[in-house]
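These notes concern the structure reproduced below.
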Amino acid sequence: MEKFNLVIKKNKPKKREGLEELPGSHENIVMRFAPNPSGPLHIGHARAAVPNGEYVKKYGGKFILRIEDTDPKRVYPDAYDMIVEDLKWLGIEADEIYYQSDRFEIYYKYAEELIKKGSAYMCTCEGGEFKKLKDNCKPCPHRDQSVEENLKLWREFPDMEAGTAVLRIKTDINHKNPAIRDWVAFRIEDAEHPRLGNKYRIYPMMNFSVSVDDYLMGMTHVLRGKDHLANSEKQSYLYKHMDWDMPEFIHYGRLKMEDIPLSTSKAKEGIENGTYSSWTDPRLGTLRAIARRGIQSETIWNLMVEIGVKMSDSAISWKKIFGLNRNIIENKANRYFFVENPIEINVLDCPDKFKDFTLKKELHPDYPDRGFRKLKFNGSVYIPQEDYKDGHIRLMDLINVDVHGDEVKFNSESFEESKKLKAKIIQFVPTDGAVNAEVVMDDGSIKKGFCEPDCTNLNVGDIIQFERFGFCRLDELKEDLLIFYFAHK
RNA sequence: GCUCCGUUGGUGUAGUCCGGCCAAUCAUUCUGGCCUUUCGAGCCGGAGACUCGGGUUCGAAUCCCGAACGGAGCACCA
């Protein structure tokens with residue numbers, strides 16, 4: 001028996017971890033990622049793919065990849081495979097994959113059903129003419145055609161000339177947003193489709209195929225950019241006509257990537273005209289380009305989860321990405337020496353001990369258990385031009401030298417002595433055994449120099465840190481040259 | 001122009017629905033010191049935000065109205 005009128009304070013929601021809870025039921029959720037195959041995935045796609053993947057993982061559910069290739073003019077055939085590869089890199093393997101180009105007959109079937117219900121009509125208005133009527137809330141003359149007439153025209157549709165007719169879905173001719181009024185569901189398209197050839201001439205519009213598929217595939221939640229806000233409303237009419245339950249639509253804002261204003265089409269253009277080397281050019285925002293630079297998919301994943309699915313726009317900076325990435329790779333990356341813009345020095349007056357000496361250095365200073373790399377020293381090394389200045393220099397972990405004009409002399413050995421001398425501690429590469437190396441920077445420029453011999457034991461894809469230079473990923477292992485891609489400091 | 005939408009430090013976020021526990025969270029960034037034979041990491045400290053104006057209220061980042069700024073859509077693309 002409750003004697004006291006306990007006032008239960010409403011629990012403030014706990015600090016949110018990860019993504020916001022999804023609206024609606026969390027049982028057996030079905031979500032999808034539905035890109036247009038116009039190129040490989042870029043960072044903007046990750047903004048859509050990751051939250052879908054994260055939610056499915058969080059609640060347990062089904063992830064569907066649906067390739068939306070219903071515009072033959074915007075299909076880049078290689079993209080079909082690239083998209084799957086890029087998703088895999090992100091850590092997503094779809095439970096089911098669909099190609100909309102396989103599903104035209106399904107769309108036709110529903111189109112006919114809509115016509116029979118009187119919810120769609122064949123419109124042979126000239127485009128500008130229709131717009132004029134629509135903008136004034138006036139139905140076009142075809143809107144009231146009989147079902148029979150519409151079906152007749154629908155059957156003749158494939159034989160009509162491109163641009164002369166469309167199938168429209170009835171909405172509300174008085175809708176306050178003109179964009180919503182009686183939208184197009186099918187059009188005639190003569191372009192050859194990479195997968196279908198010229199099999200069909202009647203192509204569904206995105207709003208139609210998307211709605212039908214989202215329904216048939218049992219989508220419970222649909223994540224999409226806020227540029228689709230009007231489309232969501234257009235689609236709602238189709239759901240009403242068919243008496244289908246609508247998925248939960250969630251819209252997210254635009255993502256602006258610092259220094260990468262490039263769209264897929266611009267990138268493609270740049271590749272074709274030689275401005276960029278390929279889809280993995282470090283200046284591009286494609287996931288494969290980012291991966292090539294040594295940015296971990298986990299970094300992108302975490303970033304996208306942090307940004308979440310809110311409606312306001314976000315601008316992400318490289319600083320943020322680099323910071324997150326550094327946290328992940330710092331303890332994985334073994335350390336090596338790379339000398340950029342090298343200058344050879346011969347240390348005079350070296351004690352005999354250093355005439356033939358092998359320096360063992362930890363692969364990672366915080367993890368000595370990982371083992372060592374070896375640097376053979378016989379008095380002659382490369383150091384960065386930038387560090388060659390009159391004064392005292394300590395070759396890291398080795399010796400202290402004095403630089404005077406052209407002359408470099410042995411000074412002392414101990415680290416304590418270097419402190420007294422206030423010597424600058426620098427990396428170096430022994431002349432004997434130095435390996436040619438190039439580092440491709442994020443602006444596409446190349447820094448040339450030498451790296452230490454043990455780098456040849458690395459595998460392509462390894463992320464390392466060149467001490468005092470930055471984190472890099474080994475991209476190519478050639479006979480006499482190692483090519484790295486620069487990640488960040 | 002019309003129709004929508006958004007606005008928390010340099011950047012990204014939490015909190016806004018259900019006003020007080022918010023002199024506002026966390027991350028990144030920048031920064032002072034310590035430490036370290038890397039300009040990496042680590043440790044300790046610091047800087048930095050509720051777009052503006054009204055209103056409601058004992059009390060507003062949170063509710064209401066207006067403005068400014070920003071964004072999206074207005075295709076026979078997706």
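Chain naming here is simple, since letters A, B, ... match the order of the sequence lines and numbering starts at 1 in each.
Side-chain atoms of A:His364 lie closest to B:G40 of the nucleotides B:A78, B:G40, B:A75. In the set B:C77, B:A78, B:U13, B:C77 carries the atom at the smallest distance from any side-chain atom of A:Arg74. With distances taken from any side-chain atom of A:Ile316 to the nucleotides B:C77, B:U38, B:G12, the minimum falls on B:G12. The side chain of A:Ala179 lies closest to B:C74, out of B:G71, B:C74, B:A78.
A:Tyr252 places its OH atom 14 Å from the P atom of B:A72, with the value rounded to the nearest Å. As rounded to whole Å, 19 Å separates atom P of B:G73 from atom CZ of A:Arg181. If you take CH2 of A:Trp154 and C1' of B:C76, they are 13 Å apart, rounded to a whole angstrom. What separates CD of A:Glu129 from C1' of B:C76 is a distance of 16 Å, to the nearest Å. A:Tyr121 places its OH atom 13 Å from the C1' atom of B:C76, with the value rounded to the nearest Å. For the pair A:Asn302 CG and B:U13 P, the interatomic distance rounds to 15 Å; values are reported in whole Å. Here B:A41 presents its P atom at 10 Å from CD1 of A:Ile329, a figure rounded to the nearest Å. Rounded to whole Å, the distance from CG on A:Asp69 to P on B:C77 is 15 Å.
Separating the C1' atom of B:C69 from that of B:G32 is a span of 36 Å, rounded to the nearest Å. For the P atoms, the distance linking B:G73 with B:G66 amounts to 26 Å, nearest Å. If you take atom P in B:C17 and the same atom in B:A78, they sit 40 Å apart, rounded to whole Å. Taking atom C1' in both B:U16 and B:A61, one finds a spacing of 7 Å when rounded to whole Å. Comparing the C1' positions of B:U29 and B:U13 gives an interatomic distance of 14 Å, to the nearest angstrom. When the C1' atom is used for both B:C34 and B:U11, the distance is 28 Å, rounded to whole Å. The gap from the P atom of B:C44 to that of B:G71 amounts to 41 Å, rounded to the nearest Å. Nucleotides B:C4 and B:A67 place their P atoms 14 Å apart, quoted to the nearest Å.
Using cut-offs of 30° and 60° for the angle between ring planes, the A:Phe157 and A:Trp154 rings count as tilted. Between A:His26 and A:His221, the ring planes lie tilted relative to each other; the angle falls in the 30° to 60° range.
Residues that satisfy the salt bridge (charged side-chain N to carboxylate O under 4.0 Å, His left out) test with A:Glu340, not counting sequence neighbours, are A:Lys447. Residues passing the side-chain contact (heavy atoms from CB on, under 4.5 Å) test with A:Lys176: none are found, sequence neighbours excluded. Not counting sequence neighbours, the partners of A:Phe471 by the ring-ring contact (aromatic ring centres under 6.0 Å, His included) test are A:His488. Checked against salt bridge (charged side-chain N to carboxylate O under 4.0 Å, His left out), A:Asp313 has the following partners two or more places apart in sequence or in another chain: A:Lys226. A search for side-chain hydrogen bond (donor to acceptor under 3.5 Å, both in side chains) contacts involving A:Lys152 returns A:Glu156, not counting sequence neighbours. With sequence neighbours excluded, no residue forms a salt bridge (charged side-chain N to carboxylate O under 4.0 Å, His left out) with A:Glu233.
In this structure, a donor-acceptor pair under 3.5 Å is present between the side chains of A:Lys310 and A:Ser312. In this model, a donor atom of one side chain and an acceptor atom of the other lie less than 3.5 Å apart for A:Arg224 and A:Ser232. Judged purely by distance below 3.5 Å, without hydrogens or angles, the side chains of A:Asn334 and A:His364 never pair a donor atom with an acceptor atom.
Here A:Pro365 lies in heavy-atom contact (under 4.0 Å) with a base. A:Gln465 comes within 4.0 angstrom of a base, heavy atoms only. Counting non-hydrogen atoms under 4.0 angstrom, A:Lys73 reaches nothing in the nucleic acid. Counting any heavy atom pair closer than 4.0 Å across all strands shown, A:Phe471 reaches sugar-phosphate atoms only and no base atom.
Residue A:Thr70 places at least one side-chain N or O under 4.0 Å from the OP1 or OP2 atom of B:A78.
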Review point. Once Watson-Crick and G-U wobble pairs under 3.5 Å are found, how is RNA chain B written in dot-bracket notation, 5' to 3', with | for any base paired to another strand?
Key: (((((((..(((.......[.....)))((((((.......))))))...(((((..]....))))))))))))....

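Using a 4.0 Å cut-off on heavy atoms, the residues of residues 182-207 of chain A that approach RNA chain B are A:Val184, A:Arg187, A:Pro204, A:Met205, A:Met206, listed by number.
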Please tabulate, for the side chains in residues 418-425 of chain A, all donor-acceptor contacts under 3.5 angstrom to protein atoms that are two or more places apart in sequence or on a different chain.
residue  : atom : partner  : partner atom : Å
A:Ser418 : OG   : A:Phe415 : O            : 2.5
A:Lys424 : NZ   : A:Asp387 : OD1          : 3.3

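Figure legend: cation-pi geometry between A:Arg373 and A:Tyr336, with NZ or CZ positioned under 6.0 Å from the six-membered ring centre and within 45° of its axis. Within the cation-pi definition used here (under 6.0 Å to the ring centroid, within 45° of the axis), A:Arg168 qualifies as a partner of A:Phe130.
A donor N or O paired with an acceptor N or O is found under 3.5 Å between the base of B:G40 and the side-chain atoms of A:Asp366.
In plain terms, the two heavy atoms of A:Val305 and A:Leu19 that are nearest each other are O-CD2, 3.6 Å.
A:Arg32 and A:Asp213 are not joined by a salt bridge, as no carboxylate oxygen comes within less than 4.0 angstrom of a charged side-chain nitrogen.
Residue order along RNA chain B, read from the 5' end via each residue's closest nucleotide, puts A:Ala315 first among A:Ala315 and A:Val166. Taking for each of A:Ala230 and A:Glu386 the nucleotide of RNA chain B with the nearest heavy atom, the 5'-most of the two is the partner of A:Glu386.
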Practice item. Could you walk me through whether A:Asp182 and A:Arg143 pass salt bridge (charged side-chain N to carboxylate O under 4.0 Å, His left out), step by step? Key: CA-CA 9 Å; A:Asp182 288 17; A:Arg143 197 174 205 261; 2.7 Å; yes

Study note, to complete from the structure: Per-nucleotide protein contact along nucleotides 32-37 of chain B, 5' to 3', at a 4.0 Å heavy-atom cut-off (B base, S sugar-phosphate only, - neither), is -----B

Below 3.5 Å is the cut-off: list the nitrogen or oxygen pairs between protein and nucleotides 1-7 of chain B, distance only.
residue : atom : partner  : partner atom : Å
B:C4    : OP1  : A:Lys176 : NZ           : 2.5

Within the sub-3.5 Å range, which N or O atoms of nucleotides 28-31 of chain B have a protein N or O partner, and how far apart are they?
residue : atom : partner  : partner atom : Å
B:U28   : OP1  : A:Asn327 : ND2          : 3.2
B:U28   : O2'  : A:Lys319 : O            : 3.3
B:U29   : OP1  : A:Arg326 : NH1          : 3.2

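Crowding of A:Tyr215 atom OH: a count of heavy atoms from other residues, nucleotides or ligands under 6.0 Å not exceeding 12. Around the CD atom of A:Glu386, the shell of radius 6.0 Å holds no more than 12 heavy atoms that belong to other residues, nucleotides or ligands.
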